[in-house]
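Order of appearance sets the numbers: ligands from 1, and atoms from 1 within every ligand. Note that the numbering runs from 1 along the sequence shown for the chain.
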Amino acid sequence: MSRSVLVTGGNRGIGLAIARAFAEAGDKVAITYRSGEPPAGFLAVKCDVTEPEQVEQAYKEIEEKQGAVEVLIANAGVTRDQLLMRMSEEDFSTVLDTNLTGTFRVVKRANRAMLRARKGRIVLISSVVGLLGSAGQANYAASKAGLVGFARSLARELGSRNITVNVVAPGFVDTDMTRALSDEQREGIVKQVPLGRYGQAEEIAASVRFLASDEAAYITGAVIPIDGGLGMGH
Ligand SMILES: NC(=O)c1ccc[n+]([C@@H]2O[C@H](COP(=O)([O-])OP(=O)(O)OC[C@H]3O[C@@H](n4cnc5c(N)ncnc54)[C@H](OP(=O)(O)O)[C@@H]3O)[C@@H](O)[C@H]2O)c1
């Protein structure tokens, strides 16, 4: 396979593992990054998903250099954890603007060419937290739950055009995002996971790649939990 794939936030963590999984399968992979040196081996485009002009510019560059995006993985995401009483308007809006509205921006722009091609694969990276809730993460959980309604609406809207839209809901995965937690928090989380460990980014990437494969052609509007059993299928 040599499709044109875009992974937002593909410069590190889960996004980088996803980018590598597609590249290993022979696809052409573009990744976004915001600063620093992006990893080698991909078409790296500078793009902050909270900036509509940067999203447009990134798509133009990708279309020019590797063709219209056929597989989009909306992975870019942030946390700004805080109990509700202390959560600022900015903590809330930054997380929503990145995780939910940022996903809207990249999906909307990808959809243009997918509609024309009458095919496409879209995978959104949500979280077990969007479905279970988490004290101190009301902003993050709202953004990740929002992705489920967004994806399911699009699955209905775009199904007749052979475009599938699915959600992956990882549990706790060993990346910079979870390394920011205290040892005590990390131990507390592991105790609740039936498989008794954190997930690896590659374990998320494998399911994402499957959802974009021919074998998954009849799957749309699904939410796939990859969480060591933490959400018990939710
Ligand atoms: N780790 C987990 O346990 C876990 C569990 C469930 C879901 N997830 C989700 O999985 C996704 C990846 O998480 P991760 O653990 O790999 O996190 P991470 O290591 O913190 O990486 C986050 C990625 O998102 C990018 N990003 C953040 N804000 C962005 C913006 N405004 N525009 C463009 N890119 C932006 C970052 O780019 P920069 O390098 O430029 O900052 C980085 O590539 C996120 O959506 C996260 O919510 C993670």
Side-chain angles (χ1 to χ4, degrees), residues 6-21 29-39 42 44-59 72-81 90-91 93-107 109 123-134 137 139-148 150-151 167-181 185-186 188-190 192-193 195 197-205 207-208 223-228 230-231 234:
L6 168 61
V7 185
T8 66
N11 56 323
R12 58 193 174 98
I14 293 173
L16 178 56
I18 294 170
R20 285 187 176 133
V29 182
I31 58 170
T32 68
Y33 72 106
R34 287 184 299 173
S35 59
E37 264 310 294
F42 309 102
V45 292
K46 216 165 179 184
C47 172
D48 184 323
V49 297
T50 65
E51 300 287 343
E53 317 79 54
Q54 290 190 27
V55 171
E56 179 59 31
Q57 207 42 51
Y59 270 89
L72 169 65
I73 315 303
N75 162 80
V78 288
T79 50
R80 290 273 191 291
D81 297 354
E90 202 200 339
D91 291 331
S93 57
T94 299
V95 170
L96 267 289
D97 194 27
T98 307
N99 299 4
L100 186 57
T101 317
T103 297
F104 157 77
R105 291 185 189 104
V106 294
V107 169
R109 185 55 179 76
V123 181
L124 313 183
I125 310 302
S126 175
S127 167
V128 67
V129 162
L131 307 163
L132 290 187
S134 165
Q137 293 197 299
N139 49 358
Y140 182 76
S143 71
K144 294 299 187 181
L147 290 178
V148 175
F150 180 64
V167 174
V168 161
F172 289 88
V173 182
D174 192 23
T175 67
D176 293 343
M177 192 175 266
T178 47
R179 277 173 217 136
L181 299 169
Q185 283 172 311
R186 285 175 66 95
I189 287 162
V190 166
Q192 294 173 47
V193 179
L195 288 180
R197 64 173 176 87
Y198 269 62
Q200 295 301 312
E202 292 70 25
E203 292 173 312
I204 311 302
S207 292
V208 171
V223 179
I224 311 291
I226 311 169
D227 59 6
L230 180 59
H234 295 292

- Would you say Thr8 touches ligand 1, if touching means a heavy atom closer than 4.0 Å? no
- What's the shortest distance from atom 43 (O) of ligand 1 to any protein heavy atom, and which residue and atom give it? Asn11 OD1, 2.5 Å
- At under 4.0 Å between heavy atoms, which part of Val173 makes contact with ligand 1: side chain, backbone, both or neither? both
- Query: Between Arg34 and ligand 1, does any nitrogen or oxygen pair lie at a separation below 3.5 Å?
  - Reply: yes
- Message: Checking the side chain of Asn99 only, and the main-chain atoms of Ser143 only, is there a donor and an acceptor separated by less than 3.5 Å?
- Response: no
- Query: Nearest protein heavy atom to atom 10 (O) of ligand 1, by residue and atom, and its distance?
  - Reply: Ile125 CG2, 3.4 Å
- Item | Any Ser126 heavy atom less than 4.0 Å to ligand 1 | yes
- Query: Does an N or O anywhere in Tyr140 fall below 3.5 Å from an N or O of ligand 1?
  - Reply: yes
- Within 4.0 Å of some non-hydrogen atom of Cys47, the atoms of ligand 1 are 32 (N), 33 (C)
- Task: Check for a donor-acceptor pair, side chain of Gln137 on one end and backbone N or O of Asp81 on the other, with a separation under 3.5 Å.
- Result: no
- Show which atoms of ligand 1 fall inside a sub-4.0 Å distance from at least one heavy-atom site of Arg12. 18 (P), 19 (O), 20 (O), 21 (O), 36 (C), 38 (P), 39 (O), 41 (O), 42 (C), 43 (O)
- Quick one: does NZ or CZ of Arg186 land under 6.0 Å from the six-membered ring centre of Tyr198, within 45 degrees of the ring axis? yes
- Item | Any Leu72 side-chain heavy atom under 4.5 Å of Val123 side chain | no
- Message: Are Val95 and Thr79 packed together at the side-chain level, in the sense that at least one heavy-atom pair is separated by less than 4.5 angstrom?
- Response: no
- Query: When you look for heavy atoms under 4.0 Å from ligand 1, do you find them on the side chain of Thr175, its backbone, both, or neither?
  - Reply: side chain
- Asn75 heavy atoms within 4.0 Å reach ligand 1 at atoms 10 (O), 11 (C), 12 (C), 44 (C), 45 (O)
- State whether the side chain of Thr8 and the backbone N or O of Asn75 hold a donor-acceptor pair below 3.5 Å, judged by distance alone. yes
- Provide, to 0.1 Å, the distance between atom 48 (C) of ligand 1 and the closest protein heavy atom, together with that atom's residue and name. Ile14 CD1, 3.6 Å
- For Glu51, is the nearest heavy atom under 4.0 Å from an atom of ligand 1? no
- Please check if the side chain of Arg109 supplies one atom and the backbone of Tyr59 the other of a donor-acceptor pair under 3.5 Å. no
- For residues Asp48 and Gln54, report the shortest heavy-atom separation together with the two atoms involved. N-OE1, 2.8 Å
- Item | ligand 1 contact on Ala201 by region, counting heavy-atom pairs under 4.0 Å | neither
- Could you tell me which atoms of ligand 1, counted from 1 in the order shown, lie closer than 4.0 angstrom to a heavy atom of Thr178? 1 (N), 2 (C), 3 (O)
- Message: Give me the atom names and distance for the closest heavy-atom approach of Ser134 to Val129.
- Response: CB-CG1, 3.7 Å
- Item | N or O pair under 3.5 Å between Lys144 and ligand 1 | yes
- If we number the atoms of ligand 1 from 1 as shown, the ones under 4.0 Å from a heavy atom of Gly9 are 25 (C), 43 (O)
- Query: Judged by atom type as modelled, is there a donor-acceptor pair below 3.5 Å linking the side chain of Ser126 to the main-chain atoms of Ala169?
  - Reply: no
- To which of Ala76, Gly10, Ala17 does the heavy atom nearest atom 26 (N) of ligand 1 belong? Ala76
- Item | Worked check of side chain to side chain contact (heavy atoms under 4.5 Å, CB included) between Tyr33 and Arg12 | CA-CA 9 Å; Tyr33 72 106; Arg12 58 193 174 98; over 6 Å; no
- Checking heavy atoms under 4.0 Å, the part of Tyr198 that sits near ligand 1 is neither
- Message: With a 4.0 Å cut-off on heavy atoms, is Gly102 in contact with ligand 1?
- Response: no
- For ligand 1, which atoms sit closer than 4.0 Å to a heavy atom of Val78? 27 (C), 28 (N)
- Task: Grab the two heavy atoms, one from Ile189 and one from Leu181, that are nearest each other, plus how far apart they are.
- Result: CD1-CD1, 3.7 Å
- Message: List ligand 1 atoms under 4.0 Å from Asp176, heavy atoms only on the residue side.
- Response: 19 (O)
- So is Gly171 close enough to ligand 1, meaning a heavy atom under 4.0 angstrom away? yes
- Query: Near Phe172, which atoms of ligand 1 are under 4.0 Å from a heavy atom of that residue?
  - Reply: 3 (O)
- Task: Show your reasoning for whether side chain to side chain contact (heavy atoms under 4.5 Å, CB included) applies to Ile226 and Val173.
- Result: CA-CA 10 Å; Ile226 311 169; Val173 182; over 6 Å; no
- Query: Which option, Gly199, Gly77, Ser143, owns the non-hydrogen atom nearest atom 27 (C) of ligand 1?
  - Reply: Gly77
- Item | Exam field: side chain Thr178 to backbone Thr175, donor-acceptor pair closer than 3.5 Å | yes
- Task: State whether Glu203 and Arg197 are salt-bridged, where the test is any N-O pair (Lys NZ or Arg NE/NH1/NH2 against Asp/Glu carboxylate O) under 4.0 Å.
- Result: yes
- Sort and list the pairs that fulfil salt bridge (Lys or Arg N to Asp or Glu O under 4.0 Å) and have at least one residue in residues 98-107, not counting sequence neighbours. Asp97-Arg105
- ligand 1 N/O within reach of Val49 N/O, cut-off under 3.5 Å: yes
- Query: For atom 31 (N) of ligand 1, which protein heavy atom lies nearest, and how many Å away is it?
  - Reply: Asp48 OD1, 2.9 Å
